[in-house]
Structure formats: structure tokens, C-alpha cells
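Here's the structure we're looking at; comments come further down.
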Protein chains: 2
Amino acid sequence: MDETVRWLTPEEQHAWRSFIRLHDRLWGLLSRRLQAESHVSSADFAVLVELSEAPDGRRRFLELARVLEWEKSRMSHHIARMVKRGLVVRDECPDDGRGAFVVITDAGREMIEAAAPRHVEAVRELFLDHVTPAELRTLARISERVVEKLDAEEAP
Amino acid sequence: MDETVRWLTPEEQHAWRSFIRLHDRLWGLLSRRLQAESHVSSADFAVLVELSEAPDGRRRFLELARVLEWEKSRMSHHIARMVKRGLVVRDECPDDGRGAFVVITDAGREMIEAAAPRHVEAVRELFLDHVTPAELRTLARISERVVEKLDAEEAP
DNA sequence: CGGAAAGTGTAGACACGTCAACGAACCGGC
DNA sequence: GCCGGTTCGTTGACGTGTCTACACTTTCCG
């Protein structure tokens with residue numbers, strides 16, 4: 001084993017753990033609120049937002065997966081569950097025999113329109129209200145830069 | 001419906017989405033590396049770190065849950081899986097007939113000792129190396145402050 | 001034209017987390 | 001002592017995410 005491991009300094013360890021902790025707590029609370037108040041999961045919410053903003057409320061399957069950065073398998077399973085609950089329907093694609101559209105239903109629109117304002121309010125109350133504009137810019141800058149590096153990491 | 005929803009500004013929306021995206025990508029990549037290189041999940045890793053640092057490699061069940069901020073049910077399910085794979089064992093508590101200890105096994109120690117250096121290296125390579133010390137301090141400060149608010153939110 | 005390769009989506013097995021209900025042991029006051 | 005409330009931990013049902021393998025198209029190219 002390589003004995004020259006560069007372990008994290010206490011500051012690094014603290015920052016890293018705090019960051020993970022922040023996300024877990026925040027996302028957990030937001031998800032539970034969304035579920036309790038609006039009866040949709042965060043994943044449902046993401047799909048419905050994407051569809052409701054699309055022309056005719058419809059999107060190709062893998063296009064949706066690409067936008068949300070989900071694996072196609074996850075998308076397939078999740079759409080199956082959403083179909084079962086009546087939030088979306090599948091529609092065959094005339095141009096491509098393999099493909100399919102996912103289309104938001106009226107029930108889906110009602111869900112998202114009821115959930116969105118509450119969700120936005122929660123994001124403000126639980127997060128944005130406690131962060132200064134300068135801090136938010138720093139956070140965004142860090143996030144963009146690191147994600148860019150990760151993209152480069154995964155590409156090859 | 002309340003028409004006076006304070007929707008997110010483009011800057012806020014961008015920062016929020018970037019933050020979530022950062023966590024998802026980073027955590028996803030780290031988890032997959034941990035699994036592929038060391039055959040442990042992030043959750044296994046967290047448990048093993050905690051146990052390996054404890055005296056005699058043992059901890060009371062709910063104490064572990066409290067430290068990791070996991071629900072007791074999650075802990076119970078997860079420990080059951082780890083027992084099945086031989087990473088930990090359960091041990092009855094003589095003082096308290098209800099209670100139990102979770103104890104790390106030799107195999108568990110080997111796992112964590114092999115996984116830790118790689119994991120630390122990955123955290124550096126994928127995250128810390130791309131963030132300045134000042135940015136890291138800002139991130140830690142934000143995280144602490146918001147988590148504190150969330151604690152206050154959940155307590156009552 | 002025809003066959004290989006790549007694209008689109010599905011399906012099953014499994015790991016994981018949450019929720020709610022439960023059983024068993026402890027604890028405090030009467 | 002014992003009864004009610006609390007704590008400790010388990011369990012089963014269910015929704016979710018990943019991985020692998022698969023089936024069916026389309027497309028590319030000789």
C-alpha cells in the first residue's frame with residue numbers, strides 16, 4: 001500500500017463533511033415537504049417541470065433523460081411509475097419505431113402547478129434566505145467549475 | 001392560488017441548480033468509484049469509518065444512527081446487509097436487554113483500510129483540487145449556517 | 001441489397017431508504 | 001409490585017436507483 005496518502009486537513013475534512021451534510025439535510029427536508037404537501041417526489045417534480053415547459057408538454061424519452069442527467073433505465077422505471085399514477089402518458093413516435101414520447105397529463109399539470117409555488121417558497125425559506133448574494137455567487141462559481149472538471153473526467 | 005409567489009431570479013435559479021448538480025455528480029462519481037475499486041458503498045464506508053474510530057471497534061446501535069444522522073430503520077436495514085457480507089457483527093448488550101452493539105470485523109477493517117486512501121484521493125482529485133482555500137471556507141461557512149437554521153426548523 | 005454497428009427503450013434482480021407498525025425491555029410514580 | 005409511557009431495535013411494504021442483459025429499430029457502409 002502507498003504510505004504517502006495525503007489525508008485531509010481538519011479544515012478540509014470539516015468543509016467536506018459540512019457540504020455533504022448541507023445537501024443531505026436540505027434535500028431531505030425539501031423532498032419530504034414536497035411529498036407531504038403536494039404528493040410528488042423530487043424526481044416527479046423534476047420530470048413534470050421539464051415536461052410542462054416543453055412544447056405540447058411532450059418530450060422524447062432519452063432527451064428527457066439527457067436534460068435531467070438520468071440514466072435511461074432510471075427514466076424508464078420512473079416514467080412507468082408516473083404513468084401508473086396518471087401524471088404522464090407514453091405516446092409512440094411515428095418517425096422512429098424505437099422511440100417514444102412522454103406527455104404530461106392534465107392531472108400532471110395540476111400537480112406541478114400546485115407544487116411549484118410551495119417548492120420555491122421552501123427553497124427560499126430553507127436556503128436562499130440564509131445566504132448572501134455574494135456567497136451565492138461563490139457557490140455557483142465553485143459548482144460550475146467543479147462540474148466542468150467532472151465532465152472532463154467522465155468524457156474519456 | 002396565491003398569485004404573489006416570489007419566483008427565483010435567474011441568478012438564484014442558476015445557483016440553486018448548480019449546487020444540486022454539483023452534489024449529485026460529485027457524490028455519484030465518488031460512490032461509483034468506491035464501489036468499483038473497494039467494493040463498499042458510501043453508506044458502508046461511513047459506518048466502517050465510525051466503527052473503526054470507536055474504542056474496540058464497537059458502538060451502540062442508535063448512537064451510530066445519531067452520529068451518522070440516519071433513521072434507526074435505515075440503520076437496522078443497513079447493518080443487516082453488512083452483517084450478511086461479514087463487515088460487522090451484532091453483539092448483545094449486557095446492561096440493556098433491548099440494546100445491541102455493532103462491532104467491526106477483521107474483514108471490515110481490511111475493507112476500510114484499503115478503501116480510505118483511495119477515497120480521500122478521489123475527494124481531492126474531484127473536488128478539493130479545484131477549490132481555493134478561501135472558497136472552501138465560504139462553503140463551510142454557508143453550510144454551517146444553513147444547517148443550523150434547518151436544525152432550528154426541525155426542532156419545534 | 002445485406003449485414004454489422006449503433007441508438008432507443010424495456011425488464012428483472014438487487015441494493016437502498018422511508019414509513020408505519022410492532023415487540024420487548026426499561027423507568028418512574030403510585 | 002405494577003401500570004403507563006418511553007426507549008431500543010426489528011420488520012414488512014413500498015418507492016426508488018443501478019446494473020446487466022435484452023429486443024427492436026435505424027443507420028451506416030461495402
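A, B, ... follow the sequence lines: proteins, then strands. Residue 1 opens every chain.
- Taking atom CD1 of I79(B) as the reference point, atom C1' of dC8(D) lies 14 Å away to the nearest angstrom.
- A close approach under 4.0 Å does occur between a side-chain nitrogen or oxygen of R60(A) and OP1 or OP2 of dG9(C).
- Looking at heavy-atom distances under 4.0 Å, R32(B) makes contact with sugar-phosphate atoms alone, never a base.
- Among the nucleotides dC16(C), dT8(C), dC26(C), the one closest to the side chain of R98(B) is dC26(C).
- No donor-acceptor contact under 3.5 angstrom links the side chains of D44(B) and H39(B), judged on distance only.
- Inter-residue side-chain proximity for K149(B) and L126(A) is flagged as unmet; no heavy-atom pair is nearer than 4.5 Å.
- Here dC24(D) presents its C1' atom at 12 Å from CD of E92(A), a figure rounded to the nearest Å.
- Ring-plane geometry between F19(A) and W16(A) is classed as tilted, the angle between the planes lying from 30 to 60 degrees on a 0 to 90 degree scale.
- Closest contact between the side chain of S76(A) and the listed nucleotides dT10(C), dG9(D), dG17(C) involves dT10(C).
- Of the residues near DNA chain D, L62(B) and D95(A), the one whose nearest nucleotide (by heavy atom distance) lies more toward the 5' end is L62(B).
- Checking dG12(C), dT25(D), dT16(D) against every side-chain atom of D96(A), the shortest atom distance belongs to dT25(D).
- At least one side-chain nitrogen or oxygen of S41(B) sits closer than 4.0 Å to the OP1 or OP2 atom of dC16(C).
- Residues R85(B) and S73(B) each lie close to DNA chain C; by heavy-atom proximity, the contact nearer the 5' end of the strand is made by R85(B).
- Atom-to-atom, NZ of K72(A) to P of dA11(C) comes out at 13 Å; the value is rounded to the nearest Å.
- Across the protein-nucleic acid pair, F61(B) atom CZ and dT10(D) atom C1' stand 8 Å apart, rounded to whole Å.
- With hydrogens and angles left out, the side-chain atoms of S31(A) and S42(A) include a donor and acceptor closer than 3.5 Å.
- Base contact: R81(B) has a heavy atom under 4.0 Å from a base atom.
- Atom pair F45(B):CZ and dC16(C):P shows a separation of 15 Å (rounding to whole Å applied).
- Rounded to whole angstrom, the span from the NZ atom of K84(A) across to the P atom of dC14(D) amounts to 11 Å.
- The ring of H23(A) has its center no closer than 6.0 angstrom to the ring center of W27(B).
- A straight line from CH2 of W70(A) to C1' of dG9(C) spans 16 Å, rounded to a whole angstrom.
- R74(A) has its CZ atom 19 Å from the C1' atom of dT8(C), to the nearest Å.
- On a pure distance criterion of 3.5 Å, a polar donor-acceptor pair joins the side chain of H77(B) and the base of dT18(C).
- Residue E71(A) places its side chain closer to dT18(D) than to any other of dT18(C), dT8(C), dT18(D).
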